[in-house]
Enquirer: 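Can you read through this structure? Questions will come right after.
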Amino acid sequence: MKHDHLWRANPDTAEEMDEIERRRKRAMRTAITLLALAVAVNVAVNEFSCVGPSPSKRDAAPAVQQSAPDDRGGAGQAGADADGEEPALSLDIAPEQAEATRVDQDAVRAALGAYCKEKGIEASRAYVSAVLSFPSSTASSYLEVELLDSEGRTAAKGEGENTFLHLDAPHLWNGIKDPYLYTCVVRLLQDGKPVDEVTTKVGLRSFSVDPKKGFFLNGKPYPLHGVSRHQDRKGLGNAITREMHDEDMALIRELGANTVRLAHYQHDQYFYDLCDQYGMVVWAEISYISEHLPNGRENTISQMKELIHQNYNHPSIVCWGVSNEITISTKDKADMLDNHRVLNELCHKMDPTRLTTLACYAMCGPFNPVAHITDLVSWNLYLGWYVPGLFLNDLWMDFFHLVYPNRPLGFSEYGAEGMPNLHSAHPRRGDHTEEYQAKYHEYMLKCFDRHPWLWATHVWNMFDFAADARDQGGEPGMNHKGLVTFDRKTKKDSFYLYKAWWSEENFVHICSKRFTDRTEKEIEVKVYSNQHTVALYADGKKLAEQTGEHIFKFRVPLHGKVELKAVAGDCIDTASFCNVAEPNPSYKLVKTKSKSANWV
């Protein structure tokens, strides 16, 4: 959802909160009706073997890629800024190239790309053509460009106003598997002596999106699965340390994610550097959220210019996000749509090498024109949490793909509240238990497996975060949809579920180990692992062994206290459960009559 901190300013009163709640309920009823209609349409199509509606003009292209080089040998207008002015330094792709990653640090820009063949990327050669311009240059001053490999050796070098660099066997930036980075050094020399220099990291990679096959990196399928992240900590807000950024990245990497949506604003430059270093594919966006303000257009344009100018170098970034849930409170729809077109064109003018996207609100229907402006689109949907029916997620994806088969679709937000101290043997929507959150995400991961053509999926959220308007889960001022708690100390069961799906690091995890007091004589014990065989031991004796994938369920007799041990390969996890006469009241949420915006 949108950045919940914004609720400090709007709405201000309980009456406004009530009105929002009434509108939400009406919207949810409308959504269910529309989804029912979608089911009927889908059934009719399957029954009569009809072809879906003809794609619109914007659906004509079978795949979305970076802009092709123009007839001057450059990557579109990669060398021009938003106002059409040439930068102090531009390095454009040679005509053979299909993709570019431009360098932009202070007054320095460059474009680097990997050679593309008909069958995809081959790391055989790469070219860089340079057009250098220095406003105060004299006969005795000139610029020198040098590309260094990770060992500090010169990979390519050139100088003068026009230079051409050739890389033999370039090493590609290949996501989390091999995030290889070069260093680009630009020096100002006078009388042959360096007097100043600027350096920046660059990566060579290509990417594209096929609406029927998903995301491609360097010409090969690379399904994007990851998380959204807010950069905040208790008592610090956004002013967090580099050590905290490092901790966040370590947890995201442990999960096995390969993409991060940095929501809903420009993040610390250091974290973009970490994404480059560790191979995270990034969705970067501006804080244009929830409501379009006609007098705020210049601010959105300024934000986008700064986002692109300051982050152009990062090979991790593949798309610029123009807005988030902008239809929630917007009144001037025409002006909002016009501003989105302006932002979309601005992104393509400043950076024709990357794609544009936006995140739509749940009540922004698939036919809303704002969803068809950018190159890509994703939705923030919480079907199965704010409204009943996890199956609605499948219906929604199928319906959109039926109507717009050539429109790349992703899930930019999805999730459920989960409190590590709340538990239930029969979890249900709205109980805020750790068990329901895990149940929700189990369904969603299987749902995404059924829809491999999605261009990207991003869990909301990697970490619990501050949200002043909320009062849920017994802890006011927080959003608890994170897979990890706000202090980064507790990994919820859902964290291990995603690790079972995504990570290659061997592990095994017994679920609900904080749910120790049980009233049943026999309990279900669930185990997550990325190993194919899991054995469960009770009080030292082997109870059962199962072969499967990701999720393993065991029935365990419970008389008094039992000590469990799960074994998967060389991985072990333990837990203990105790039979009690009465339910532990601390496991159940005590509901209040709060008027907070708990649905946001």
Enquirer: Report yes if some heavy atom in the side chain of Asp517 is under 4.5 Å from a heavy atom in the side chain of Phe577; otherwise report no.
Expert: no
Enquirer: Looking at Arg450 and Asp394, is there a salt bridge between them, counting it only when a charged N and a carboxylate O are closer than 4.0 Å?
Expert: yes
Enquirer: Does the cation-pi check pass for Arg354 over Phe207, that is, NZ or CZ under 6.0 Å from the six-membered ring centre and within 45° of its axis?
Expert: no
Enquirer: Any salt bridge linking Lys234 with Asp487? Criterion: basic side-chain nitrogen under 4.0 Å from a carboxylate oxygen.
Expert: no
Enquirer: For the pair Asp573 (side chain) and Ala566 (backbone), establish whether a donor and an acceptor sit closer than 3.5 Å, ignoring hydrogens and angles.
Expert: no
Enquirer: Could you please spell out the steps behind the side-chain hydrogen bond (donor to acceptor under 3.5 Å, both in side chains) verdict for Tyr443 and Asn393?
Expert: CA-CA 9 Å; Tyr443 184 94; Asn393 289 282; over 6 Å; no
Enquirer: Salt bridge check: are Asp273 and Lys201 linked by an N-O gap of less than 4.0 Å?
Expert: no
Enquirer: Report yes if the distance between the aromatic ring centroids of His314 and Trp173 is under 6.0 Å, otherwise no.
Expert: no
Enquirer: Between Trp385 and His432, does a ring pair (Phe, Tyr, Trp, His ring centres under 6.0 Å) hold up when you go through it step by step?
Expert: CA-CA 10 Å; Trp385 176 244; His432 300 272; 5.3 Å; yes
Enquirer: Could you check whether Asp248 pairs with Arg233 (Lys NZ or Arg NE/NH1/NH2 to Asp/Glu carboxylate O, under 4.0 Å)?
Expert: yes
Enquirer: Just by distance, no angles: are the side chains of Asn530 and Trp501 close enough, under 3.5 Å, to form a donor-acceptor pair?
Expert: no
Enquirer: Do the side chain of Thr259 and the main chain of Val282 share a donor and acceptor less than 3.5 angstrom apart?
Expert: no
Enquirer: Would you say that Leu454 contacts Met397 through its side chain, given a criterion of any heavy-atom pair below 4.5 Å between the two side chains?
Expert: yes
Enquirer: Does the separation of the ring centres of Phe411 and Phe448 fall below 6.0 angstrom?
Expert: yes
Enquirer: Judged by modelled atom types alone, do Glu434 and Ser512 share a side-chain donor-acceptor pair under 3.5 Å?
Expert: no
Enquirer: If we only count heavy atoms from C-beta on, is the Phe486 to Arg488 side-chain gap below 4.5 Å?
Expert: yes
Enquirer: Which atoms form the tightest heavy-atom contact between Arg555 and Leu543, and what is the distance?
Expert: O-CD2, 3.6 Å
Enquirer: Please work out which of the three classes, parallel, tilted or perpendicular, describes the rings of Tyr496 and His509, given edges at 30° and 60°.
Expert: parallel
Enquirer: Quick one: do Glu442 and Lys526 make a salt bridge, cutoff under 4.0 Å?
Expert: yes
Enquirer: Output the distance between atom OG1 (Thr574) and atom CD (Glu563), rounded to the nearest 0.5 Å.
Expert: 7.5 Å
Enquirer: Contact between Val525 and Leu564 at the side-chain level, heavy atoms closer than 4.5 Å - yes or no?
Expert: yes
Enquirer: With the side chain counted from C-beta on, respond yes when Asn579 and Lys561 share a heavy-atom pair under 4.5 Å apart, and no when they do not.
Expert: no
Enquirer: Can Gln269 and Asn311 be counted as having a side-chain donor-acceptor contact under 3.5 angstrom?
Expert: yes
Enquirer: Has Asn324 got a side-chain atom pairing as donor or acceptor with Ile289's backbone, closer than 3.5 angstrom?
Expert: no
Enquirer: When you measure from the side chain of Glu435 to the backbone N and O of Pro427, does any donor-acceptor pair fall under 3.5 Å?
Expert: no
Enquirer: Is any side-chain N of the basic residue among Glu247 and Arg242 closer than 4.0 Å to the acidic one's carboxylate O?
Expert: no
Enquirer: Using a 3.5 Å distance criterion without hydrogens, assess whether the side chain of Gln531 forms a donor-acceptor pair with backbone atoms of Val508.
Expert: no
Enquirer: CH2 of Trp455 to OG of Ser378: how many Å apart, nearest 0.5 Å?
Expert: 5.0 Å
Enquirer: Can you check side-chain hydrogen bond (donor to acceptor under 3.5 Å, both in side chains) on Ser424 and Tyr436, steps first, answer last?
Expert: CA-CA 8 Å; Ser424 173; Tyr436 183 79; over 6 Å; no
Enquirer: Does the side chain of Leu422 come within less than 4.5 Å of Lys588's, by heavy atoms?
Expert: no
Enquirer: Cation-pi check, Lys481 to Phe463: give yes when NZ or CZ is under 6.0 Å from the six-membered ring centre and within 45° of the ring axis, no otherwise.
Expert: no
Enquirer: Quick check with a 6.0 Å cut-off and a 45 degree axis cone: is Arg428 positioned over the face of Tyr440's six-membered ring?
Expert: no
Enquirer: With ring pair (Phe, Tyr, Trp, His ring centres under 6.0 Å) as the criterion, how do His267 and Tyr265 come out once you've worked through the C-alpha distance, each side chain's angles and the decisive distance to 0.1 Å?
Expert: CA-CA 6 Å; His267 285 225; Tyr265 41 80; 4.8 Å; yes
Enquirer: Are the side chain of Asp464 and the backbone N or O of Gly482 linked by a donor-acceptor pair below 3.5 Å?
Expert: yes
Enquirer: Are a donor atom and an acceptor atom from the side chains of Glu285 and His264 found within less than 3.5 Å of each other?
Expert: yes
Enquirer: Would you please say whether a donor-acceptor pair under 3.5 Å links the side chains of His480 and Gln472?
Expert: no
Enquirer: Any chance you could measure Thr547, atom OG1, to Phe552, atom CZ, to the nearest 0.5 Å?
Expert: 7.5 Å
Enquirer: Mind checking whether Tyr498 and His441 have ring centres under 6.0 Å apart?
Expert: yes
Enquirer: Counting N and O atoms only, with roles assigned by atom type, does the side chain of Asn238 sit under 3.5 Å from a partner on the main chain of Asp232, one being a donor and the other an acceptor?
Expert: no
Enquirer: Would you please classify the geometry between the Phe515 ring and the Tyr587 ring as parallel, tilted or perpendicular, with 30° and 60° separating the classes?
Expert: perpendicular
Enquirer: Do the side chain of His423 and the main chain of Pro420 share a donor and acceptor less than 3.5 angstrom apart?
Expert: yes
Enquirer: Any side-chain heavy atom of Val484 within less than 4.5 Å of one from Met462?
Expert: yes
Enquirer: Look at the side chain of Asn258 and the backbone N and O of His225, then say whether any donor-acceptor pair between them is shorter than 3.5 Å.
Expert: yes
Enquirer: Return yes if a side-chain donor-acceptor contact under 3.5 Å exists between Ser290 and Glu325, otherwise no.
Expert: no
Enquirer: To the nearest 0.5 Å, how far apart are OG1 in Thr457 and CG in Leu224?
Expert: 8.0 Å
Enquirer: Quick one: pull up SG in Cys511 and NZ in Lys553 and give me the separation to the nearest 0.5 Å.
Expert: 10.0 Å
Enquirer: On the 0 to 90° scale, with breaks at 30° and 60°, tag the Phe400-Trp396 ring pair as parallel, tilted or perpendicular.
Expert: parallel
Enquirer: Checking side-chain hydrogen bond (donor to acceptor under 3.5 Å, both in side chains) for the pair Lys220/Asn174: CA distance, chi angles, key distance, verdict?
Expert: CA-CA 10 Å; Lys220 298 179 180 180; Asn174 201 29; over 6 Å; no
Enquirer: Taking it one step at a time, do Ser316 and Asp276 satisfy side-chain hydrogen bond (donor to acceptor under 3.5 Å, both in side chains)?
Expert: CA-CA 5 Å; Ser316 57; Asp276 293 342; 2.6 Å; yes
Enquirer: Salt-bridged, Arg470 to Glu417, with N to O below 4.0 Å?
Expert: yes
Enquirer: Under 30°, 30 to 60°, or over 60°: which ring-plane class applies to Trp460 and His230, parallel, tilted or perpendicular?
Expert: perpendicular
Enquirer: Under a 4.5 Å cut-off applied to non-hydrogen side-chain atoms, are His458 and Tyr414 in contact?
Expert: no
Enquirer: Per the side-chain contact (heavy atoms from CB on, under 4.5 Å) rule, which among Thr241, Leu251, Leu274 passes with Asp246?
Expert: Leu274
Enquirer: Taking Trp283 for its side chain and Ser412 for its backbone only, find out whether a donor-acceptor pair lies under 3.5 Å.
Expert: no
Enquirer: Taking NZ, NE, NH1 and NH2 as the nitrogens, is one of them in Lys177 or Glu504 under 4.0 Å from a carboxylate oxygen of the other?
Expert: yes
Enquirer: Could you walk me through whether His550 and Tyr528 pass the side chain to side chain contact (heavy atoms under 4.5 Å, CB included) test, one step at a time?
Expert: CA-CA 5 Å; His550 313 311; Tyr528 294 150; over 6 Å; no
